[in-house]
Every structure is written in structure tokens, then in C-alpha cells.
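Heads up, the thing below is written out as C-alpha cells.
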Amino acid sequence: RGEMALIHGIGFPESTRSHFRAMDIWHTSEPHKVGVEGWLGRAIRDLDPKGENPVTAVNIGQGLPRALVAPGASVASVADLATYGLLTGIEEKQQRDKMLERFANMYTPAVGSGPVMDYLAQTGLDALKGADMLKAAPQKYQSNVEYPNTALGSKLRDIATIHSADLGTRIFYTEHGGYDSHASQANNHPRLLGEVASAVTDFWDDLKEQDADDNVIMFVFTEFGRRVKENGTGTDHGAGGVSFVIGPNVVGGQHSEYPSLKAEDLREGDLAPDQDFRGVYTTLLEDWFGLDAVPIVNGTFEKPAFIQS
């Protein structure tokens, strides 16, 4: 369809091979220090500065990704929309408490108990504040598309359900795990990428069937690439990677430069990143959301032109 942009060589200077630190950097847009606010959390705050819509952003999955976290940013978090509306008041409280406990355990070691508890006190309960609005979404949803029976298929169906309910949600977030491996990748990666391909295809077919695709783009990323040389049974964490941007308003094709594979051009055995991820964020923020990206990504970066003007 020509609706997918490939962003080659994406990463950041002084790349880390730590899964946790790399995720922290991508989530906060802070490569040089431990960030407190998520980049999307800052964007949510700009999109809805008065916090008028509790579902301006929706996470489909467990807990609350750090990218969405910022004081004053309300985010609804739903593990499974199909059962969410069936929860009793007690079960909703238990789910909320479990989510907030996970959040506190995850981020207190990194940023200290003070900022975490301040955030929980101010906006933690907002993660489920849009419950009544989200419960109504499945009642409005009709589709002839049969999604694959996979975790990602269910998540993208939930996103399509909420989007088609026209609740004013501007940002959806979800994850697909299983890639943090260092062996047996020739067997596992085709299965994982097959799950992505089938779920993403059905998601866009669903939105197109409902004539609800024109105001949607999808950004797919991973926190690092892979090393050029095998470790004997697979590949380890590397530097320069790839991201995908999908949608009818995307300039399809290859963007940025594929990193050189020549030995003398590698960076400690890794592909050298030539597209800062914050530049890609800048394109999304400025050319899609119409926001000032500088305070959100903490600087000015070269941005690829993958959004149609």
C-alpha cells in the first residue's frame, strides 16, 4: 500500500547495551541522566493541559509504561478490555492497587521514593479514572475482521475498539514482548515477527473497514538493534536499529541511511546509529500532533520527513 516508513539506523550517541537503561532513555528522552517524566507524558500534558479528558491517552497492557508518566498527565490503563467492563468495584480497586504497587516498585530505585509517591498521590488514581467511558466502547464496536488469537492481536483489537468509540483518545500505547533473547533467534524471531505482521495487518484492515484510519499513525520501535557478529547461538544487544511508522498519512519507503556494515565503520562491533530517536519523536510531535517538540525531547534534532504535508 506504500503506507509504511522504515527508519534506518535509529538510536542515540554513546549507546548502552543495558535493556533497562536503554528503555529508560527511549521512554524519557534523557540519555545523559535518569529522567523522571516520560516523553509521551509531557505530550499528553500539552494536548490536554487541564486534564479534561481522562482517556486522552490509553495504555493497553499491565502497569503503566514510563513513557506515559508525568505529573498532570492522566492515562487510562487497561489490561484486557473484554473483561474490564465486567470487573466489580472490589476487583477494580484490586487491579488499581496492583498497578500502582508495580509502578512504585519499578521506579522508586531509579528516581527515589519522593517523586514516585508525589506522582502517585497526584495522578496515580487517574490511570483508571476513565473506566466508565472505556466500558462503553465495546458496545459501540462492530467489525468483520477476525484478529489472530495472540496477545498482540487482542491488544490491537482493543485499541481499534476504543478508537472507533470516538472518546477523544489521542495516544494509544501497547507492547509486544519476547525479543530479549540471545539464542535460538532463527526459530523465535520469525514467529514473533509473524505475530506482529498478522496483528498489524488486521488492525489496519479493521480501521479501513470502519473508515476510521485517516487520523491514525502507528509508531513501532525497539530500544536497540543487534550486534553485527553472532555470539555462536544468536545475537546480543547492539546500537543502531530500525523503527516503522505506518498509516495512510505516512510517506512510505526508506528514511535515513542504512548504517555501514564495513568493519572500520562499526562502533564497538555495532551498527553506528545515524538517526537520533529524538528526531523521530520530533517529527511525530510537530508534524502530527502540532506540538513544540523542543521541551518534550529536550533539544533540537534532525527530523526525518515521514509525515505527509
Side-chain angles (χ1 to χ4, degrees), residues 4 19 22-24 26-28 38-41 43-44 47 54-70 73-85 95 98-99 102-103 106 126-128 130-131 133-135 137-138 141 143 145 147-165 167-180 191-207 210 212-213 215-223 241-247 250 277 280-281 284 288-289:
M4 182 170 73
H19 169 74
M23 283 296 289
D24 185 69
W26 276 78
H27 279 223
T28 65
W39 77 281
L40 285 174
I44 294 162
L47 290 168
V55 294
T56 295
V58 175
N59 172 60
I60 301 296
Q62 298 288 344
L64 193 61
R66 193 164 189 181
L68 299 171
V69 172
S74 295
V75 183
S77 190
V78 183
D80 183 354
L81 191 62
T83 60
Y84 189 64
Q95 184 188 72
K98 185 181 294 185
M99 181 190 69
R102 257 196 216 110
F103 177 88
M106 190 180 303
D126 288 344
L128 295 174
M133 295 174 68
L134 294 178
K135 285 177 182 178
Y141 176 70
S143 175
V145 175
Y147 284 79
N149 186 26
T150 62
L152 184 60
S154 297
K155 291 175 179 179
L156 292 184
R157 182 178 58 240
D158 284 352
I159 290 174
T161 301
I162 298 170
H163 173 65
S164 64
L167 301 177
T169 302
R170 301 293 305 278
I171 295 172
F172 291 98
Y173 194 102
T174 195
E175 298 175 334
H176 184 238
Y179 297 91
D180 190 19
R191 174 182 56 81
L192 291 168
L193 295 177
E195 290 178 3
V196 172
S198 59
V200 169
T201 297
D202 285 346
F203 173 78
W204 284 105
D205 286 347
D206 193 359
L207 294 194
Q210 300 182 61
D213 64 320
N215 63 343
V216 178
I217 60 172
M218 175 185 287
F219 176 54
V220 183
F221 78 96
T222 181
E223 68 272 22
V242 64
S243 289
F244 306 96
V245 188
I246 307 169
V250 168
F277 74 97
V280 176
Y281 286 179
L284 295 170
W288 186 251
F289 288 113

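What's counted below: heavy atoms across the whole structure, side chains too, no hydrogens, waters or symmetry copies.
- Within the model, atoms CZ of Phe219 and CD1 of Ile217 stand 9.5 Å from one another, a figure rounded to the nearest 0.5 Å.
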For this session: Start with the C-alpha gap between Thr28 and Val69, add the side-chain angles, then the distance that decides, and say whether side chain to side chain contact (heavy atoms under 4.5 Å, CB included) holds.
Result: CA-CA 9 Å; Thr28 65; Val69 172; over 6 Å; no
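- Under the side-chain contact (heavy atoms from CB on, under 4.5 Å) criterion, Asp206 pairs with Tyr141, Ser143, Val145, Tyr147, Ala160, Gln210, sequence neighbours left out.
- Under the side-chain hydrogen bond (donor to acceptor under 3.5 Å, both in side chains) criterion, Thr150 pairs with no residue at all, not counting sequence neighbours.
- With sequence neighbours excluded, no residue forms a ring pair (Phe, Tyr, Trp, His ring centres under 6.0 Å) with His163.
- Here the straight-line distance linking atom OH of Tyr173 with atom NZ of Lys155 works out to 10.5 Å at 0.5 Å rounding.
- Here the shortest heavy-atom pairing between Ala73 and Gly41 reads CB-O, 3.5 Å.
- The two residues Val55 and Thr169 make their nearest non-hydrogen contact at O-OG1, 2.7 Å.
- For the atom pair CD1 (Ile171) and CG (Leu68), the distance works out to 7.5 Å, reported to the nearest 0.5 Å.
- Not counting sequence neighbours, the partners of Phe277 by the ring pair (Phe, Tyr, Trp, His ring centres under 6.0 Å) test are Phe12, Trp26, Tyr281.
- The minimum heavy-atom distance linking Gly177 with Leu192 is given by the pair O-CD2, 3.7 Å.
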For this session: Test side chain to side chain contact (heavy atoms under 4.5 Å, CB included) on Val245 and Phe221 and set out the steps.
Result: CA-CA 9 Å; Val245 188; Phe221 78 96; over 6 Å; no
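- For Thr174 (side chain) and Ile60 (main-chain N/O), a donor-acceptor pair under 3.5 Å exists by modelled atom type.
- For Ala199, the side-chain contact (heavy atoms from CB on, under 4.5 Å) test picks out Pro148, Leu152, Leu156, with sequence neighbours left out.
- Here the CZ-CZ distance, from Arg170 to Phe289, works out to 6.0 Å after rounding to the nearest 0.5 Å.
- Side-chain atoms of Leu134 and Leu167, non-hydrogen and from C-beta on, do get closer than 4.5 Å to each other.
- Rounded to the nearest 0.5 angstrom, Leu81 CG and Lys135 NZ are separated by 11.0 Å.
- A donor-acceptor pair under 3.5 Å is formed between the side chain of Ser164 and the backbone N or O of Thr161.
- Nearest heavy atom pair, residue Val75 against residue Leu64, reads CG1-CD1, 3.8 Å.
- Using a 4.5 Å cut-off on side-chain heavy atoms (C-beta onward), Met4 and Val250 make no contact.
- Here the shortest heavy-atom pairing between His176 and Glu195 reads NE2-OE1, 2.8 Å.
- Rounding to the nearest 0.5 Å places CG of Asp80 at 7.0 Å from OG of Ser154.
- Contact between Ser77 and Asn59 at its shortest, heavy atoms only, is OG-ND2, 3.1 Å.
- For Trp204, the side-chain contact (heavy atoms from CB on, under 4.5 Å) criterion is met by Arg1, Val200, Leu207, Asp213, Val216, Met218, Ile246, Pro248, not counting sequence neighbours.
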